[in-house]
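Since the structure comes first, as structure tokens, the remarks are kept for the end.
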Amino acid sequence: MSQDRIAKLIRPEIAALSAYHVPPARGLIKLDAMENPYRWPPEMVDAWLATLRDAEINRYPDPAAGALKDKLRTAMDVPAGMDILLGNGSDEIIQMLAMALARPGAGILAPEPSFVMYRMIATLCGMDYTGVPLAADFALDLPATLAAIERQRPALLFIAYPNNPTGNLFARADVEAVIQAAPGLVVIDEAYAPFAGGESFMADLGRFDNLVVMRTVSKMGLAGLRLGLLAGSAEWLSEFDKLRLPYNINVLTQATAEFALEYGDMFEEQAAAICAERAALFDALTGLEGVEAFRSDANFILFRTPPGRAAELHAAMRERGVLVKNIGATDGPLADCLRVTVALPAENAAFLAALKAAL
Ligand SMILES: *Cc1c(COP(=O)(O)O)cnc(C)c1O
């Protein structure tokens with residue numbers, strides 16, 4: 001009975017979707033989600049718990065999260081004069097932006113392949129979505145992108161810098177040309193900034209009036225917190241702030257992030273260790289017969305397996321206790337590709353051993 005009602009009431013584009021799927025990882029070495037593998041030293045955990053003891057969990061959180069924003073401003077080099085908007089993960093920020101700009105006929109444009117949430121949130125918000133294929137070397141196809149911008153006039157344009165799942169940084173001049181050509185808002189999504197050797201558009205915020213920069217604490221080591229931020233001018237951000245549900249950053253997240261950001265050096269050391277492991281892992285993958293690894297400026301590596309074997313190798317590695325991401329493409333630029341998170345040396349070694357055995 002309820003089926004009839006559901007079919008009548010749920011928007012067809014929602015009915016056609018599947019919920020975001022997170023594969024079970026219990027007991028596996030989890031290398032599918034770009035998490036930081038390092039745990040905190042025990043003294044730091046004790047100090048953190050002491051902070052939480054004072055958290056006023058009976059009260060609503062500070063809606064403006066002023067103290068946390070100040071720390072983020074310093075940690076992420078947000079230029080003076082720019083504002084910060086916080087989200088429950090950058091995913092929530094993408095949703096706020098889309099909801100604010102989703103007039104009938106308005107669209108989102110992004111390079112393809114890129115972060116899957118851009119397309120998913122466009123669908124959720126009833127916006128058109130245009131994916132512009134990347135060049136064969138995963139660079140921006142600038143002529144195609146400019147032509148698509150001219151044709152679609154997107155309200156919102158996302159560029160992941162570095163890109164997920166390819167791992168590369170686009171040429172800065174190409175990104176600037178896109179920002180200049182775009183009639184709408186351009187979001188540079190810098191989720192992987194800690195691994196990108198300082199490459200960022202944060203310092204360019206004042207140069208373009210249609211540019212905002214998105215960051216998250218997830219990939220640097222706080223994925224469990226769910227905290228992302230958007231940096232940009234007060235004119236833009238005050239509009240998006242109207243869509244933010246009150247108290248979207250909870251008391252525990254605010255207290256924990258404020259605490260953790262005092263340990264910036266530790267997170268930087270972890271990122272440096274991950275970048276060193278990334279180089280070793282890239283060389284090891286490149287040395288494997290039949291495997292093509294792609295250079296990465298993020299904390300993961302995309303690699304191509306022998307034709308037609310991605311699903312089988314993915315399953316065989318899981319049997320051996322290692323979970324990577326199967327991109328799931330049988331043709332196109334990501335055909336036969338898997339993506340692995342760079343993790344602890346022992347975990348990376350276990351991954352390589354599992355892959356070699358499976359090959
Ligand atoms: C992982 C990822 C995010 C997600 O960030 P959260 O803050 O955890 O929601 C955003 N953008 C890109 C490109 C990502 O890969």
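Counting starts at 1 for both ligands and their atoms, following the listed order. Predicted, not measured: the structure shown is a model, and the values here were computed from it.
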Does Arg172 count as lying over the ring of Phe201, i.e. NZ or CZ under 6.0 Å from the six-ring centre, within 45 degrees of the axis?
-> yes
Quick one: table the atom pairs, ligand 1 N or O against protein N or O, below 3.5 Å, distance rounded to 0.1 Å.
residue	atom	partner	partner atom	Å
ligand 1	5 (O)	Ser90	OG	2.9
ligand 1	7 (O)	Ser90	N	2.7
ligand 1	7 (O)	Ser90	OG	2.8
ligand 1	7 (O)	Thr216	OG1	2.5
ligand 1	7 (O)	Ser218	OG	3.3
ligand 1	8 (O)	Ser218	OG	2.6
ligand 1	8 (O)	Arg226	NH1	2.7
ligand 1	9 (O)	Ser90	N	3.1
ligand 1	9 (O)	Asp91	N	3.1
ligand 1	9 (O)	Asp91	OD1	3.3
ligand 1	9 (O)	Asp91	OD2	3.4
ligand 1	9 (O)	Arg226	NH2	2.9
ligand 1	11 (N)	Asp189	OD1	3.3
ligand 1	11 (N)	Asp189	OD2	2.6
ligand 1	15 (O)	Asn164	ND2	2.8
ligand 1	15 (O)	Tyr192	OH	2.6
ligand 1	15 (O)	Lys219	NZ	3.3

Do NZ/NE/NH1/NH2 and the carboxylate oxygens of Lys71 and Glu262 come within less than 4.0 Å?
-> yes
Those residues at least two apart in sequence (or on a different chain) that pass side chain to side chain contact (heavy atoms under 4.5 Å, CB included) with Thr51 are Phe259
Should the heavy atoms of other residues, nucleotides or ligands under 6.0 Å from CZ of Arg73 be counted, would the total exceed 12?
-> yes
So with a 6.0 Å cut-off around CG of Asp209, is the heavy-atom count from everything else above 12?
-> no
Measure from the ring center of Tyr161 to the ring center of Phe170 and say whether it is less than 6.0 Å.
-> no
